[in-house]
There are 2 protein chains.
Amino acid sequence: MKTVPHITDAEWEVMKVLWNESPRTANEVIDAMQERTEWKPKTIRTLLNRLAQKDAISFTQENRVYAYFPLVSEGECVKSETNSFLKRIYGGAFKPMLVNFLKEEQLSEEDIKELKDMLDGKRK
Amino acid sequence: MKTVPHITDAEWEVMKVLWNESPRTANEVIDAMQERTEWKPKTIRTLLNRLAQKDAISFTQENRVYAYFPLVSEGECVKSETNSFLKRIYGGAFKPMLVNFLKEEQLSEEDIKELKDMLDGKRK
DNA sequence: TCAACTGGATTACAACTGTAATACAACTTG
DNA sequence: CAAGTTGTATTACAGTTGTAATCCAGTTGA
């Protein structure tokens with residue numbers, strides 16, 4: 001199983017932008033980020049650098065400008081992060097988390113139906 | 001809503017021991033921990049100190065010995081951590097995570113039945 | 001051509017984390 | 001009473017993370 005690098009909170013925001021659309025130049029990423037955060041451009045460049053260093057993204061160079069794109073998919077990362085979260089909080093077991101959350105969360109009638117249908121789908 | 005302090009990975013292991021049973025002296029915690037980890041006693045004491053500093057636990061003193069106990073419940077912490085996790089990874093929405101996970105995870109027939117029953121229970 | 005600007009590379013720096021070791025004070029034992 | 005033991009308090013130290021600023025080289029406008 002491919003291992004994805006660990007992506008921090010701040011980096012995750014940058015990844016979202018690139019998952020949403022790529023390749024994007026540093027400045028395009030910065031523009032997109034500034035719609036969602038207050039981060040300074042320099043900060044975002046640092047995050048891009050770190051992500052590139054850990055091979056979460058890469059870039060092509062045109063003239064002086066880099067265009068970045070993800071090397072890891074959102075799905076992979078979500079799965080990886082969720083697994084380590086589950087491991088930490090629930091000892092790795094998925095069902096207890098579900099049980100816990102179903103107790104807490106409020107779901108609409110349609111949500112419930114959708115989830116039940118999914119559960120039915122899993123029944124072989 | 002009460003805010004719980006942020007508990008790190010390593011600290012979480014200590015909290016589990018105290019949630020499991022408390023109060024426990026430092027040495028009791030250390031013994032319990034050494035069944036699950038390789039950490040040195042000094043390390044575990046550091047973690048107990050940090051948890052006490054951030055008011056996640058407290059202690060009573062008998063003679064020279066401290067007996068530690070949690071100030072925050074496991075449920076509170078689980079909820080808090082899960083919320084920040086959800087926010088980071090799924091933008092705060094619970095259902096997308098469920099959907100994602102139901103796709104991936106394998107559940108037994110009984111698990112599926114149990115979850116469906118819970119979903120039914122939520123239907124008003 | 002020279003100064004200003006722009007984009008990337010390098011450096012900064014404190015807080016938090018993991019992972020302890022050392023110092024110290026009290027208690028026990030010879 | 002002196003020395004070792006034990007439990008706590010203090011200190012250590014590098015890696016990660018958030019959050020940038022500074023430096024430098026190439027590009028561009030005057």
Side-chain angles (χ1 to χ4, degrees), chain A residues 3-18 23-34 36-69 77 80-81 84-85 87-89, chain B residues 3-18 23-34 36-69 77 80-81 84-85 87-89:
Chain A
T3 54
V4 300
H6 177 245
I7 293 170
T8 72
D9 281 25
E11 288 164 0
W12 197 272
E13 295 303 312
V14 175
M15 290 305 288
K16 278 188 194 159
V17 166
L18 289 177
R24 280 176 154 164
T25 67
N27 278 338
E28 285 165 352
V29 172
I30 288 167
D31 287 348
M33 293 300 297
Q34 285 189 328
R36 20 167 103 204
T37 76
E38 298 293 316
W39 299 343
K40 300 287 187 297
K42 299 290 187 185
T43 300
I44 297 166
R45 283 172 186 280
T46 298
L47 294 172
L48 286 170
N49 277 335
R50 288 184 182 167
L51 285 166
Q53 270 173 25
K54 62 175 77 165
D55 290 322
I57 65 179
S58 186
F59 53 85
T60 55
Q61 188 170 2
E62 296 167 45
N63 307 319
R64 314 279 112 237
V65 178
Y66 292 176
Y68 293 90
F69 57 90
C77 291
S80 163
E81 291 298 316
S84 55
F85 168 76
K87 188 165 179 185
R88 182 158 83 97
I89 304 299
Chain B
T3 53
V4 301
H6 176 246
I7 294 170
T8 71
D9 281 24
E11 288 163 0
W12 196 272
E13 296 303 313
V14 175
M15 291 303 290
K16 278 188 195 160
V17 166
L18 289 177
R24 280 177 155 165
T25 67
N27 278 338
E28 285 166 352
V29 172
I30 287 168
D31 287 347
M33 294 300 297
Q34 285 191 327
R36 17 168 105 207
T37 75
E38 298 294 316
W39 298 343
K40 300 285 186 297
K42 299 290 187 185
T43 300
I44 296 166
R45 283 173 186 280
T46 298
L47 294 172
L48 286 169
N49 277 335
R50 287 184 184 167
L51 285 167
Q53 272 174 24
K54 63 175 76 165
D55 290 322
I57 67 180
S58 186
F59 54 84
T60 56
Q61 187 170 2
E62 295 168 46
N63 307 319
R64 316 279 113 237
V65 176
Y66 292 177
Y68 294 90
F69 56 90
C77 291
S80 163
E81 292 296 318
S84 56
F85 168 76
K87 190 166 179 185
R88 181 159 83 97
I89 303 299

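Residue numbers start from 1 in every chain, and the chains themselves are labelled A, B, ... in the order their sequence lines are given, proteins ahead of strands.
- Looking at A:Tyr66 and A:Leu48, their side chains never come closer than 4.5 Å, going by heavy atoms from C-beta outward.
- Side-chain contact between B:Trp39 and B:Glu13 is present, with at least one heavy-atom pair separated by less than 4.5 Å.
- For A:Trp12, the ring-ring contact (aromatic ring centres under 6.0 Å, His included) partners two or more places apart in sequence, or in a different chain, are A:Trp19.
- Within the 4.5 Å cutoff, side-chain heavy atoms of B:Leu18 are placed close to those of B:Tyr68.
- By the salt bridge (Lys or Arg N to Asp or Glu O under 4.0 Å) test, B:Asp31 pairs with no residue at all, sequence neighbours left out.
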How does protein contact run along nucleotides 16-30 of chain C, one letter per nucleotide 5' to 3', with B for base contact, S for sugar-phosphate only, - for none, heavy atoms under 4.0 Å?
-SBBBBBB--SS---
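- Residue pairs satisfying the salt bridge (charged side-chain N to carboxylate O under 4.0 Å, His left out) criterion with at least one member in residues 53-64 of chain B, sequence neighbours excluded, are listed as follows: B:Glu11-B:Lys54.
- Residue pairs that meet the salt bridge (charged side-chain N to carboxylate O under 4.0 Å, His left out) test with at least one member in residues 42-52 of chain B, sequence neighbours left out, do not exist here.
- If you measure from atom CZ of A:Phe59 to atom P of C:dG7, you get 16 Å, rounded to the nearest angstrom.
- With a 4.5 Å cut-off on side-chain heavy atoms, A:Ile30 and A:Gln34 count as touching.
- Reading DNA chain D from its 5' end, the first and the last nucleotide to sit under 4.0 Å from a heavy atom of chain A are D:dT17 to D:dT27.
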